[in-house]
Every structure is written in structure tokens, then in C-alpha cells.
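The structure appears below as C-alpha cells.
Here the structure is a predicted model, which means the values were calculated and not measured.
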Amino acid sequence: MFWPLLRSEWTKLRSVRSTWWLVVVALTLTVAIGVAVSASAAGEPGSSALPADVATRSVLGAILAQLALDTLGVLVISGEYGSGMIRTSMTVVPRRLPVLAAKIAVYVALVLPVTALTSVGTFVLGQVAWRSHHRPAASLGDPIVARIVFGVALYLTVAGVCAVAIGTLLRSTAGGITVVAGVFFVVPTVIQAMPSQISDAARFLPSNAGGGLSRIATSSHSLPPWPGFALLCGYAAVLVAAAAWRLRRADV
């Protein structure tokens, strides 16, 4: 029963033009910003050549790419509420929760490999720029470098799952995108500008907790990489559980 549902959800996702526009925007931002920042840093003799810093520069474009991928996450389900197609989906699968599970599965199946390949490709292009200025490049064989490069894909994917859950909870594209942007972009910036007693708590926000894995977090006192990512996964689990509860209890 679940396999046909997965195929159905994949057909819905790939047949919508906005899916591919958002993916292209995310990939373009990741590559363009990562390569530009890497090339700029490589041309400055005083810039840090530490492998971790070199890798971090190559993935900085993920900060803006996240907004496009989170928008896609919201649209995975809010688009059906907007069109009314959700009624058909729930009529065919009256248990409802398999629909949510299938939507999350196809989102992860699309975003995780695409972001991982893009991150690796951007890193490789960045190292070409680095070597062109006769400076030592980083290698994916370095465990820290590999964690940063692949950590971007993990972070973007789990953040996107949070967006799917938020879209399910709010059932509104505009509302879902607004909340996601607020949680991952606006609130961390606002808290960072507050006194230290408050700004220190920024490390526990979803963006800073998960972003530490790839060193793109905005907090100056981030949690350790893997515990921070585990906290982000915890946020995702709570949001998905809340979305599942609302999906079962509320009318469509």
C-alpha cells in the first residue's frame, strides 16, 4: 500500500513546475555564492587557508538556498490545501498519516541527494579557484572538511522536514513560509542583537543548532556539531508529531 502512495506523491511533487524552479534557485545560489566567496578568499593573501575555513566558504550559499528548499517543503502539502486536492488524497488514504509519511519521504529523497551532490560540486569548484591562486586547497579526505560539506545536505534536509511539518500544521502557503522564515532567519538575527544573557540562548535555536554541523550557524557560541544536529532532529520530530496529530484530528 505504501509503495503506490510513494509513487503518487512523487508524481505530484515532480509534476509541479514550482518544485523544479525552487530546486534550480537553491542549486544556483549554492554554487554561485560558494564559488564567488571561495575565489574572493583565495585571492586575498591574508585569508585563512585552514581546511575547515576553506570548506565553510564553499558552502555559504546554503544559507540562502535554504529559503528556497524550505519554501518547497511548505508547498509539499500546503499546495494541496490551496487547490483542494488534499480532499482526494485523504479520501483515497483515509488513515491520513501514511500520506504525511510519503510526502516527507519523497521530499527527503529529492533534497538530500541533490544538496549533497551540489555541495560536493561547489566544494570542488572552490578548490579549483583556490589552486589557481597557488594556495593549498582542502581535501574531502579531511574528516572536518567532509563533515562540513556533507553536513550542509543533512542540515538543509532536516530543516526542510521541519518546513513540511509547519506547512501541515498551518495549511497555508503564505503562513507556512512566513513562520519558517521567522524561525530560521529572523529570530536568530534578532536574538543575536540582544544582551548576552539572551543572545547566549541563540545556540538552541533550530538554525544555529543544526547549522553548526556545517559551520554556517550565525551564533558565536554554537553547540558542538553532532549534539546540535541531534537537537535539530528533535525539533523536526516534535513538529512532525504535532503535524500528524493535527492531520488526524482536524477536518480537511
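Residues A138 and V54 approach most closely at CB-CG1, 4.0 Å, considering heavy atoms. Residues L13 and T19 approach most closely at O-OG1, 2.7 Å, considering heavy atoms. Closest approach of A26 to A65, counting heavy atoms only: O-CB, 3.4 Å. Taking each heavy atom of L213 and R147 in turn, the nearest pair found is O-NE, 2.9 Å. The two residues A102 and E9 have their closest heavy-atom pair at CB-CG, 3.6 Å. Scanning both residues, S18 and L75, for their nearest heavy atoms gives OG-CD1, 4.2 Å.
Between K12 and V16 the shortest side-chain heavy-atom distance does not fall below 4.5 Å. For the pair I63/I33, no side-chain contact is recorded, criterion being any heavy-atom separation below 4.5 Å from C-beta on. Side-chain atoms of R57 and W130, non-hydrogen and from C-beta on, do get closer than 4.5 Å to each other. With contacts defined as side-chain heavy-atom distances shorter than 4.5 Å, the pair L67/F184 does not qualify. Taking 4.5 Å as the limit, every side-chain heavy atom of V158 sits out of range of all side-chain heavy atoms of Y235.
Judged by distance alone, with hydrogens and angles left aside, the side-chain atoms of S119 form no donor-acceptor pair with the main-chain N or O of A116 at under 3.5 Å. Under the 3.5 Å distance criterion, the side-chain polar atoms of S8 are left unmatched by any main-chain donor or acceptor of P4. No donor-acceptor pair under 3.5 Å is formed between the side chain of Q127 and the backbone N or O of S139. At distances below 3.5 Å, not a single donor-acceptor pair connects side-chain atoms of S40 with backbone N or O atoms of A36. Between the N208 side chain and the A202 main chain, a donor and an acceptor come within less than 3.5 Å of each other.
Residues F2 and V76 are members of one and the same hydrophobic cluster, defined by side-chain heavy-atom contacts under 4.5 angstrom among Ile, Leu, Val, Met, Phe, Trp and Tyr. Side-chain heavy atoms closer than 4.5 Å link hydrophobic residues (I, L, V, M, F, W, Y) into clusters, and following such links, even through other members, never connects M85 to I77. L112 and W20 fall within the same hydrophobic cluster, defined by Ile, Leu, Val, Met, Phe, Trp and Tyr side-chain heavy atoms under 4.5 Å apart, directly or through other members. Note on V161 and W226: same hydrophobic cluster, where clusters join Ile, Leu, Val, Met, Phe, Trp and Tyr whose side-chain heavy atoms are under 4.5 Å apart, directly or indirectly. Under the 4.5 Å side-chain heavy-atom criterion for grouping Ile, Leu, Val, Met, Phe, Trp and Tyr, L110 is connected to L29 within one hydrophobic cluster.
Applying the side-chain contact (heavy atoms from CB on, under 4.5 Å) test between F123 and each of I148, V145, V59 identifies V145 as the sole match. Screening L156, V23, T30, L154 for a side-chain contact (heavy atoms from CB on, under 4.5 Å) involving T115 leaves a single residue, L156.
Distance check: S38 OG to L60 CG gives 8.0 Å after rounding to the nearest 0.5 Å. Remark: L232 CG to L223 CG distance equals 11.0 Å, nearest 0.5 Å. Atoms CZ and CD, on R87 and E80 in that order, are 11.5 Å from each other to the nearest 0.5 Å. E44 contributes atom CD, which lies 8.5 Å from atom CZ of R135 (distance to the nearest 0.5 angstrom). Considering OH of Y107 and CG of L69, their distance stands at 5.0 Å, rounded to 0.5 Å. In this structure, T168 OG1 and L100 CG are separated by 5.0 Å, a value rounded to the nearest 0.5 Å.
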Handout entry: Stepwise side chain to side chain contact (heavy atoms under 4.5 Å, CB included) test for F150 and V120
Key = CA-CA 8 Å; F150 291 105; V120 171; 3.6 Å; yes

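When the shell of 6.0 Å around CD1 of I144 is examined, it contains 12 or fewer heavy atoms from other residues, nucleotides or ligands.
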